[in-house]
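What follows is a short report on a single structure.
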Amino acid sequence: MTEPRQINMDPAVTVAAQWVADNPPRPDIIPHLKANFSLTSLQAAEACALAQKFRVSRRAFG
């Protein structure tokens with residue numbers, strides 16, 4: 001059995017994830033996060049994954 005992947009809890013990643021969750025999807029999200037939030041590619045991808053969790057939680061719990 002594999003362990004669940006831990007998402008980086010860097011505050012910049014969390015702020016970027018909140019921004020992604022609050023805005024409509026866009027095709028250039030990774031470059032946008034890297035430029036506007038000073039993230040690495042890995043951090044930008046983690047922000048996108050965390051944003052998806054935020055969206056699911058919002059739908060489930062209002």
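All values below come from the heavy atoms of this structure, side chains included, with hydrogens, waters and symmetry mates left out. As the structure is a computational prediction, the values presented were derived from the model and not from experiment.
From Asn23, atom CG reaches atom CD of Gln18 across 11.5 Å, with rounding to the nearest 0.5 Å. Taking CZ of Arg59 as the start and CZ of Phe54 as the end, the distance is 14.0 Å to the nearest 0.5 Å. With values rounded to the nearest 0.5 angstrom, Leu39 atom CG is found 7.5 Å from Asp10 atom CG.
A donor-acceptor pair is defined here as one N or O able to donate and one able to accept, closer than 3.5 Å; no such pair exists between the side chain of Arg58 and the backbone of Lys53. Looking only at distances, a side-chain donor or acceptor of Gln43 sits under 3.5 Å from a matching main-chain atom of Thr40.
Here the closest non-hydrogen pair linking Ala47 and Ala16 is CB-CB, 3.9 Å.
Under 4.0 Å is where a charged nitrogen must lie from a carboxylate oxygen, and between Asp28 and Lys34 no such pair does.
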task = Before giving the answer on side chain to side chain contact (heavy atoms under 4.5 Å, CB included), spell out for Phe61 and Val56 the whole-Å C-alpha distance, their side-chain angles and the decisive distance to 0.1 Å.
result = CA-CA 9 Å; Phe61 301 110; Val56 169; over 6 Å; no
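Within the 4.5 Å cutoff, side-chain heavy atoms of Cys48 are placed close to those of Leu33.
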